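Read through the structure below, which is laid out as structure tokens, and then see the notes.
Counting from 1, the numbers follow the sequence of the chain as shown. These numbers were taken from a predicted model, which means no experiment stands behind them.
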Amino acid sequence: MTERNEHHTFKEDEIPCQEISDPAVLSKNPLVSVKMITCNHEPYIAQAIEGVLMQDTDFTIELIIGEDCSTDRTFEIVLNYQKKHPEMIRIITSKKNVGIKKNSRRVGKACRGKYIALCEGDDYWTDPSKLKKQVDFLEANPEYGLVHSDFDKYYESRKVFEKAFNKNNTIKIPEGNIFNNLLGNKWIIHTQTSMFRNNLNKKYLKFYADNKNETKKWRYEDIALFLYFANFSKIKYLDESTAVYRILEESACNTKSEKKKIENDVALQILKLFYAQNFHASENIIHDLYVRLNQELLKKAFIFDNFILAKKAFCYLIKNGKIRIKDIFFFICSITMLNNWVKKILGPLRISQKDFNQ
């Protein structure tokens with residue numbers, strides 16, 4: 001085993017980075033790079049890696065694992081897999097934790113394949129033909145930049161599967177030019193099912209760097225990536241489940257903290273507004289995004305006891321005629337002693353994203 005850095009396309013002082021791989025046996029020209037970021041995924045990372053190893057393909061692939069200084073045995077497990085499969089696996093790591101966003105970008109920049117497939121360390125693939133099906137489609141349809149699929153949900157705490165989530169919930173997933181759809185409320189593309197063109201990924205990384213004053217506010221790296229792709233290419237959906245999305249009680253996307261939830265929701269609307277304004281969405285879409293942003297800012301004002309924020313958000317909604325009963329509730333509580341009383345009586349606020357967007 002040797003350490004190497006020759007695949008990096010970024011300056012070493014940009015993101016701390018060390019690669020562990022064996023250049024003597026590593027595939028020279030992989031068609032697909034599988035990007036897997038992980039941190040403290042000891043119970044799940046082996047299943048994620050096995051889902052990649054089981055892929056039945058007639059082309060070469062590489063698995064690049066971004067291991068971000070886990071405090072459990074994740075790195076040990078990942079390193080053991082790299083030793084067993086040096087022809088395929090590369091590890092990207094560093095001496096200090098860099099966080100999800102930087103870990104994602106440094107792995108993305110290290111990908112050499114024509115196509116990139118995503119699978120985070122707590123999810124896994126179930127279809128051995130996943131990569132083959134997606135490559136075949138992208139090879140035959142150059143106007144499409146990304147292909148994704150249905151998935152199973154697995155609720156870790158309850159040990160319950162929800163199979164073929166989109167199909168069994170009769171969720172219709174749009175295809176083709178879906179940029180405007182992605183600016184809506186629904187989370188259409190799930191990371192662990194996606195594959196996209198690396199040339200678009202490289203353009204996105206430059207776009208990200210060129211807008212660093214804005215992008216530093218973003219929290220959902222995958223949604224930012226998909227929005228960029230959808231503006232420049234068509235998107236394909238495969239109506240079959242190829243992967244499992246694991247729902248943990250606490251993760252980057254799922255949290256019990258109401259404060260973290262609302263911070264994530266506000267950041268998501270800011271991200272969508274940036275894309276809408278910079279990629280020429282219609283005035284109606286931009287208007288709707290501003291309304292949703294202020295609705296969530298009003299909820300944030302309630303949770304954080306911020307009277308000034310509540311007043312600004314409420315005034316915007318009044319002016320635009322988009323007041324809901326729950327908005328009035330949040331506003332009244334934010335500007336009166338009712339706030340602490342309501343929280344004390346009701347306990348931690350539990351309003352689902354679905355309810356909040358109604």
Side-chain angles (χ1 to χ4, degrees), residues 1-42 44-53 55 60-125 131 191-192 194-196 198 201-202 204-206 208-209 215 221-222 224-225 251-252:
M1 180 185 71
T2 60
E3 296 178 359
R4 65 201 304 234
N5 290 301
E6 70 176 66
H7 298 312
H8 294 174
T9 58
F10 53 94
K11 296 178 181 178
E12 289 301 320
D13 61 353
E14 181 183 347
I15 303 176
C17 181
Q18 175 187 29
E19 178 172 333
I20 301 172
S21 60
D22 188 345
V25 298
L26 193 66
S27 173
K28 298 297 187 290
N29 296 297
L31 185 66
V32 176
S33 296
V34 179
K35 174 184 170 185
M36 182 178 291
I37 60 172
T38 185
C39 183
N40 294 333
H41 287 152
E42 179 183 344
Y44 323 116
I45 189 64
Q47 193 170 26
I49 294 173
E50 290 291 344
V52 178
L53 295 176
Q55 290 299 301
T60 57
I61 68 176
E62 64 176 0
L63 169 58
I64 310 175
I65 305 174
E67 205 293 315
D68 197 17
C69 298
S70 299
T71 57
D72 59 12
R73 292 182 58 252
T74 299
F75 178 75
E76 178 185 341
I77 295 169
V78 166
L79 186 58
N80 286 336
Y81 270 101
Q82 191 278 329
K83 291 177 180 178
K84 292 178 182 177
H85 302 276
E87 77 289 350
M88 181 189 297
I89 298 178
R90 301 161 57 196
I91 301 173
I92 301 292
T93 188
S94 55
K95 293 181 180 179
K96 294 183 178 180
N97 179 278
V98 299
I100 294 174
K101 292 170 66 175
K102 288 184 178 180
N103 190 26
S104 177
R105 290 201 304 282
R106 68 183 178 182
V107 176
K109 290 176 180 180
C111 292
R112 300 176 297 154
K114 181 178 180 180
Y115 304 110
I116 298 175
L118 304 181
C119 185
E120 297 184 356
D122 53 351
D123 299 323
Y124 61 98
W125 296 341
L131 294 184
T191 305
Q192 73 281 0
S194 65
M195 176 186 285
F196 48 85
N198 198 356
N201 174 65
K202 291 176 180 177
Y204 165 77
L205 291 171
K206 183 179 185 306
Y208 189 100
T215 57
E221 189 89 358
D222 50 356
L225 190 73
S251 68

Report task. For the pair W125 and V34, evaluate side-chain contact (heavy atoms from CB on, under 4.5 Å) and give the outcome as yes or no after the intermediate values. Result -> CA-CA 12 Å; W125 296 341; V34 179; 3.7 Å; yes
Query raised in the report: To the nearest 0.5 Å, how far apart are CD1 in I77 and CD1 in I49?
Result: 8.0 Å
Query raised in the report: Taking all atoms of both residues into account, what is the closest heavy-atom pair of N198 and R112, and its distance?
Result: ND2-C, 4.1 Å
Report task. Would you check if I65 and Y81 make a side-chain contact, meaning some heavy-atom pair closer than 4.5 Å? Result -> no
Query - K101 atom NZ, over 12 foreign heavy atoms within 6.0 Å - result: yes
**Report entry** Heavy-atom donor-acceptor pair, N40 side chain to T71 backbone, under 3.5 Å
**Finding:** yes
Query - Step-by-step side-chain contact (heavy atoms from CB on, under 4.5 Å) determination, T74 to C39 - result: CA-CA 7 Å; T74 299; C39 183; over 6 Å; no
Query raised in the report: Taking all atoms of both residues into account, what is the closest heavy-atom pair of C119 and M36, and its distance?
Result: O-CG, 3.0 Å
Query raised in the report: Between H41 and D72, which heavy-atom pair has the shortest distance, and what is it?
Result: N-OD2, 3.6 Å
Report task. Working to the nearest 0.5 Å, report the span between CD1 of I100 and OG1 of T38. Result -> 10.5 Å
**Report entry** Residues that E87 engages under salt bridge (Lys or Arg N to Asp or Glu O under 4.0 Å), provided they are two or more places apart
**Finding:** none
Requested in this report: Using only heavy-atom distances, determine whether the side chains of Q18 and T93 contain a donor-acceptor pair under 3.5 Å.
Outcome: no
**Report entry** Donor-acceptor contact present, side-chain S70 to main-chain F75, <3.5 Å
**Finding:** no
Requested in this report: Specify the closest pair of heavy atoms between M88 and I61, including all atoms of both residues, with the distance to one decimal.
Outcome: CG-O, 3.6 Å
Query raised in the report: What's the spacing between Q192 CD and D122 CG if we round to 0.5 Å?
Result: 9.0 Å
Requested in this report: Decide side-chain contact (heavy atoms from CB on, under 4.5 Å) for L225 and Y208; before the verdict, give the C-alpha distance in whole Å, the side-chain angles of both, and the deciding distance to 0.1 Å.
Outcome: CA-CA 9 Å; L225 190 73; Y208 189 100; over 6 Å; no
Query - For I116 against C111, the heavy-atom pair lying closest together - result: CD1-CB, 3.7 Å
Query raised in the report: Is there a donor in the side chain of T60 and an acceptor in the side chain of N29, or the other way round, less than 3.5 Å apart?
Result: no
Report summary line: Interatomic distance, CD1@I20 vs CD1@I92, rounded to 0.5 Å, equals 9.0 Å
Requested in this report: Could you tell me whether the side chain of K28 and the main chain of P23 form a donor-acceptor pair under 3.5 Å?
Outcome: yes
**Report entry** Residue pair S94 / K96: nearest heavy atoms and the distance that separates them
**Finding:** OG-O, 2.7 Å
Query - Euclidean distance, R90 CZ relative to L26 CG, rounded to 0.5 Å - result: 6.5 Å
Report task. Report the distance from atom CD1 of I89 to atom CD of E62, rounding to the nearest 0.5 Å. Result -> 11.0 Å
Report task. Could you tell me which residues satisfy salt bridge (Lys or Arg N to Asp or Glu O under 4.0 Å) with D68, sequence neighbours excluded, listed by chain and number? Result -> R106
Query - Any side-chain donor near an acceptor of the partner, S104 and K35, under 3.5 Å - result: yes
